[in-house]
Amino acid sequence: MADPWNGLATEAFFKQPTPDLVRHLLGMICVRDSPGGRTAGRIVEVEMYQGPWDKAAHSYGGRVTERTRVMYGPPGFAYVYFVYGMHYCLNVVSGAPGHPEAILIRALEPVDGIEMMMQRRHIDATHGQRSLCQLTNGPGKLTQALGITREDNGLAFFDSPLKLYHDQDPLPSAQIATGPRINVGYAEEAANFPWRYWVKGHSCLSAKGSPQKTKT
DNA sequence: ATAATGATTGGC
DNA sequence: CCAATCATTATT
């Protein structure tokens with residue numbers, strides 16, 4: 001038997017309940033292979049969206065549209081949508097078929113294909129941790145850096161150019177923080193659900209996702 | 001057919 | 001703080 005915490009995620013891995021999967025995605029490696037090469041990053045910030053009763057979700061109320069159709073299918077596939085007329089966002093579909101749940105990937109720590117990411121993001125080569133993080137520390141930034149577009153909608157994370165890998169054991173709870181999701185103020189009571197999860201203290205968290213630093 | 005708006009980012 | 005920019009969605 002393969003070690004479930006080492007290597008390409010299996011189709012079965014995605015069948016766990018969304019509240020479990022969202023924590024297990026933290027620390028995993030998201031990979032996008034393209035003819036030009038591989039780009040990849042470690043997942044450090046995510047948000048879950050749960051089906052018909054989550055007013056922040058595109059699938060709120062059980063709406064089935066062309067855009068949200070993939071959310072109603074089996075878990076482990078990509079839900080990619082276009083927002084604000086200029087950005088793509090990448091989600092991992094979760095939940096059993098008929099349960100329109102998904103997990104938005106909000107920030108990555110760059111791991112592979114740095115040069116290609118810099119070209120795609122139109123960022124000049126500079127060095128240091130801070131400049132690396134700006135490649136992928138936001139949901140729109142990471143799709144641009146990995147070259148993810150609407151063409152990726154519906155791809156299987158366990159069998160396609162878009163992949164999720166384990167290279168370490170799941171993060172312990174002590175290293176995971178939670179809080180309200182970003183930019184869902186329209187969602188009334190759901191706006192306050194603590195359904196954003198991030199790696200505590202990580203330097204590549206999204207700008208709005210980074211807890212404000214307090215002075216001592 | 002038309003109007004409103006967004007699971008964001010970057011610039012001022 | 002606010003403009004950019006257009007697909008998606010709901011409404012007429």
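Because only heavy atoms are used, hydrogens play no part in the values below, and waters and symmetry mates are left out as well, while side chains stay in. Every chain is numbered from 1, with letters handed out A, B, ... down the list of sequences. Treat the numbers as computed from the prediction; the structure is a model and nothing was measured.
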Q: For F77(A), enumerate each residue passing the ring-ring contact (aromatic ring centres under 6.0 Å, His included) test, keeping only those at least two apart in sequence or located in another chain.
A: F158(A)
(Q) Could you work out, with ring-ring contact (aromatic ring centres under 6.0 Å, His included) as the rule, every residue matching W198(A), not counting sequence neighbours? (A) none
Q.
Quick check for you: to the nearest 0.5 Å, what is the distance between E109(A) atom CD and I43(A) atom CD1?
A. 12.0 Å
Q. Under a 4.0 Å heavy-atom cut-off, which of residues 94-106 of chain A touch DNA chain B?
A. L104(A), R106(A)
Q: For DNA chain B, find the residues of residues 72-89 of chain A with a heavy-atom distance under 4.0 Å and give them by number; none if there aren't any.
A: Y81(A), Y84(A), G85(A), H87(A), C89(A)
Q) Mind checking the C1' distance from dT5(B) to dC2(C)? Whole angstroms is fine. A) 16 Å
Q. Could you spell out the base pairing of DNA chain B in dot-bracket, with Watson-Crick or G-U pairs whose two distances are under 3.5 Å, [ ] crossing and | to another strand?
A. ||||||.||||.
Q.
In this structure, would V92(A) and V31(A) fall into the same cluster of hydrophobic residues linked by side-chain contacts under 4.5 Å?
A. no
Q: Find out if a path of hydrophobic residues (ILVMFWY) with successive side-chain heavy-atom gaps under 4.5 Å connects V111(A) to L135(A).
A: no
Q) What residues, two or more places apart in sequence or in another chain, satisfy side chain to side chain donor-acceptor pair (under 3.5 Å) together with R121(A)? A) Q144(A)
(Q) Is it true that, when you exclude E189(A) itself, more than 12 heavy atoms of the residues, nucleotides or ligands shown sit nearer than 6.0 Å to its CD? (A) yes
Q) For atom CD of Q175(A), is the number of surrounding heavy atoms from other residues, nucleotides or ligands below 6.0 Å larger than 12? A) yes
Q: Name every residue in residues 52-67 of chain A that has at least one heavy atom under 4.0 Å from any atom of DNA chain C, in order of residue number, or write none if there are no such residues.
A: R63(A), T65(A), R67(A)
**Q.** Span of DNA chain B in contact with chain A (heavy atoms, under 4.0 Å)
**A.** dG6(B) to dG10(B)
Q: Quick one: which residue pairs count as a ring pair (Phe, Tyr, Trp, His ring centres under 6.0 Å) with a foot in residues 21-49 of chain A, not counting sequence neighbours?
A: W5(A)-H24(A)
Q) Is there a donor-acceptor pair closer than 3.5 Å between any side-chain N or O of S34(A) and the backbone N or O of G37(A)? A) yes
Q: Please answer whether the main-chain N or O of M71(A) pairs with a side-chain N or O of T68(A) as donor and acceptor at a distance below 3.5 Å.
A: no
Q) If you measure from the Lys or Arg side-chain nitrogens to the Asp or Glu carboxylate oxygens, is any gap between R181(A) and E47(A) under 4.0 Å? A) no
Q) Just checking R196(A): base, sugar-phosphate only, or nothing, at a heavy-atom cut-off of under 4.0 Å? A) nothing
Q | Validation row: L8(A), F157(A) side chains within 4.5 angstrom (heavy atoms) | A | no
Q | Segment of DNA chain C, first to last nucleotide, that comes within the 4.0 Å heavy-atom reach of chain A | A | dA4(C) to dA10(C)
Q. How close do A78(A) and L162(A) get, heavy atom to heavy atom, and via which atoms?
A. CB-CD2, 3.7 Å
(Q) Can you classify the ring geometry of Y88(A) versus F82(A) as parallel (below 30°), tilted (30 to 60°) or perpendicular (above 60°)? (A) tilted
Q: Scan for salt bridge (Lys or Arg N to Asp or Glu O under 4.0 Å) pairs involving residues 67-86 of chain A, sequence neighbours excluded, and state none if there are none.
A: E66(A)-R69(A)
Q) According to the side-chain hydrogen bond (donor to acceptor under 3.5 Å, both in side chains) rule, which pairs have a member within residues 35-44 of chain A, sequence neighbours left out? A) D33(A)-R38(A), T39(A)-R120(A), R42(A)-D167(A), R42(A)-Q168(A)
